[in-house]
Undergrad: 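Shown below is the structure under consideration.
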Amino acid sequence: MSDPTFYEKVYEVVRLVPAGRVTSYGAIAKYLGASRSSRLVGWAMNVSHGVSPKVPAHRVVNRNGLLSGKAHFGEPNAMASRLTAEGIVVVEDQIQHFDEVFWDPELELRVI
DNA sequence: ACAATGACTGAAT
DNA sequence: AATTCAGCCATTG
């Protein structure tokens, strides 16, 4: 990683996501000032397998609340299982009550 | 240095 | 309203 600045930022934001909440790639990208680089966020997650502390990539889904990245986990059910264990309802790889569990860094990490 | 890739998103049809 | 198309931008070969 010659210049993991972007990844580091992504990891940091993802790690800030509280248990029982989820966020979207676009929200993270926007918080980092790169709202159009949502794909890079997903790519960062792809590299986040061996980073430490561990990055809760299971709390990051696409803007529709769909577990788009579940296929990248060792077990396809690992992502849904972890979300369910945190109190998030997932049916058919789709997060239920997505608007209630959605965690927007721009709103939560904003200056109070 | 060029071209291709990708866990997305928004706009157009 | 649902599906399709194109843009976007950092990293890798």
Side-chain angles (χ1 to χ4, degrees):
Chain A
M1 312 319 171
S2 44
D3 193 20
T5 356
F6 193 85
Y7 286 177
E8 287 233 342
K9 288 180 182 175
V10 175
Y11 299 153
E12 184 140 356
V13 177
V14 175
R15 280 190 293 242
L16 287 174
V17 179
R21 296 291 159 86
V22 293
T23 189
S24 68
Y25 305 92
I28 298 173
K30 187 173 184 177
Y31 179 72
L32 297 178
S35 52
R36 292 163 185 170
S37 310
S38 39
R39 290 183 168 168
L40 289 314
V41 178
W43 207 316
M45 295 291 95
N46 195 14
V47 192
S48 68
H49 275 272
V51 302
S52 71
K54 183 186 164 238
V55 179
H58 59 277
R59 293 185 194 147
V60 186
V61 296
N62 68 355
R63 133 173 182 41
N64 292 313
L66 186 70
L67 308 191
S68 48
K70 81 158 201 163
H72 288 257
F73 283 72
E75 290 275 322
N77 298 336
M79 191 173 186
S81 297
R82 283 177 175 179
L83 289 173
T84 303
E86 293 183 353
I88 298 178
V89 185
V90 180
V91 178
E92 295 276 306
D93 305 335
Q94 173 70 45
I95 295 179
Q96 308 300 309
H97 313 292
F98 181 59
D99 56 329
E100 295 181 9
V101 297
F102 181 71
W103 185 82
D104 190 343
E106 277 225 283
L107 296 178
E108 303 297 330
L109 298 181
R110 205 174 175 181
V111 182
I112 307 175

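It should be emphasised that the depicted structure is a prediction, and the values quoted were computed from it without experimental measurement.
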Undergrad: Between B/dG10 atom P and A/Y25 atom OH, what is the distance in whole Å?
TA: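 After rounding, the reported distance stands at 14 Å.
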Undergrad: May I ask you to decide if A/F73's main-chain N or O and A/E75's side chain share a donor-acceptor pair within less than 3.5 Å?
TA: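 No: the side chain of A/E75 does not pair with the backbone of A/F73.
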Undergrad: Of all heavy-atom pairs between A/M79 and A/H58, which one has the smallest distance, and what is that distance?
TA: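 Taking A/M79 first and A/H58 second, the nearest heavy atoms are CE-O, 3.5 Å.
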Undergrad: Taking atom C1' of B/dA7 as reference, at what distance in whole Å does atom CD1 of A/I95 sit?
TA: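 In whole Å, B/dA7 C1' lies 13 Å from A/I95 CD1.
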Undergrad: Under 3.5 Å, side chain of A/N64 to main-chain N/O of A/L66, donor-acceptor pair present?
TA: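 Judged by distance alone, no pair lies under 3.5 Å.
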Undergrad: If we only count heavy atoms from C-beta on, is the A/V61 to A/K70 side-chain gap below 4.5 Å?
TA: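 A side-chain contact under 4.5 Å is absent here.
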Undergrad: For the pair made of CG in A/L40 and P in B/dT9, what is the distance, rounded to whole Å?
TA: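 For the pair A/L40 CG and B/dT9 P, the rounded distance is 13 Å.
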Undergrad: How close or far is atom P of B/dT9 from atom CZ of A/F102, stated in whole angstroms?
TA: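 It is 9 Å, rounded to the nearest whole Å.
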Undergrad: Should A/R59 and A/E86 count as an ion pair when the cut-off is N to O under 4.0 Å?
TA: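 Looking at A/E86 together with A/R59, the answer is yes, because their closest N to O distance falls below 4.0 Å.
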Undergrad: Describe the nucleic acid contact of A/S24 in one word from base, sugar-phosphate, nothing, applying a heavy-atom distance below 4.0 Å.
TA: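 Sugar-phosphate, no base atom in range.
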Undergrad: What nitrogen or oxygen pairs link the protein and nucleotides 1-8 of chain C at under 3.5 Å?
TA:
{"unit_1": "C/dG7", "atom_1": "O6", "unit_2": "A/R39", "atom_2": "NH1", "d": "3.2"}
{"unit_1": "C/dG7", "atom_1": "O6", "unit_2": "A/R39", "atom_2": "NH2", "d": "2.0"}
{"unit_1": "C/dG7", "atom_1": "N1", "unit_2": "A/R39", "atom_2": "NH2", "d": "2.8"}
{"unit_1": "C/dC8", "atom_1": "N3", "unit_2": "A/R39", "atom_2": "NH1", "d": "2.6"}
{"unit_1": "C/dC8", "atom_1": "N4", "unit_2": "A/R39", "atom_2": "NH1", "d": "3.4"}

Undergrad: From OH of A/Y7 over to P of C/dA10, roughly how many Å is that when rounded to an integer?
TA: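 Distance, rounded to whole Å: 11 Å.
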Undergrad: Whole-Å distance between B/dA7 P and A/L83 CG?
TA: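 Taking CG of A/L83 and P of B/dA7, I get 18 Å after rounding.
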Undergrad: Could you see if A/Y25 belongs to whatever hydrophobic cluster contains A/V14? Use Ile, Leu, Val, Met, Phe, Trp, Tyr and a side-chain cutoff under 4.5 Å.
TA: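 Both belong to a single hydrophobic cluster.
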Undergrad: What parts of residues 57-69 of chain A reach DNA chain B, counting only heavy atoms under 4.0 Å away?
TA: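 Within residues 57-69 of chain A, the residues near DNA chain B are A/A57, A/N62, A/R63, A/S68, A/G69.
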Undergrad: Could you tell me whether the side chain of A/Y11 and the main chain of A/A44 form a donor-acceptor pair under 3.5 Å?
TA: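 Yes; judged by distance alone, with no hydrogens or angles, the pair exists.
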Undergrad: Whole angstroms only, please: what is the CZ-P distance between A/F6 and B/dG6?
TA: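 Nearest whole value for this atom pair: 18 Å.
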Undergrad: Take the protein atom CH2 of A/W43 and the nucleotide atom C1' of C/dC9, then report the distance between them rounded to whole Å.
TA: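 In whole Å, C/dC9 C1' lies 10 Å from A/W43 CH2.
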Undergrad: Has the side chain of A/S37 got a donor or acceptor atom that lies under 3.5 Å from a matching backbone atom of A/L40?
TA: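 Answer holds: no.
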Undergrad: With sequence neighbours left out, which residue pairs that include part of residues 86-111 of chain A fulfil the ring pair (Phe, Tyr, Trp, His ring centres under 6.0 Å) condition?
TA: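 Qualifying pairs: A/F98-A/F102.
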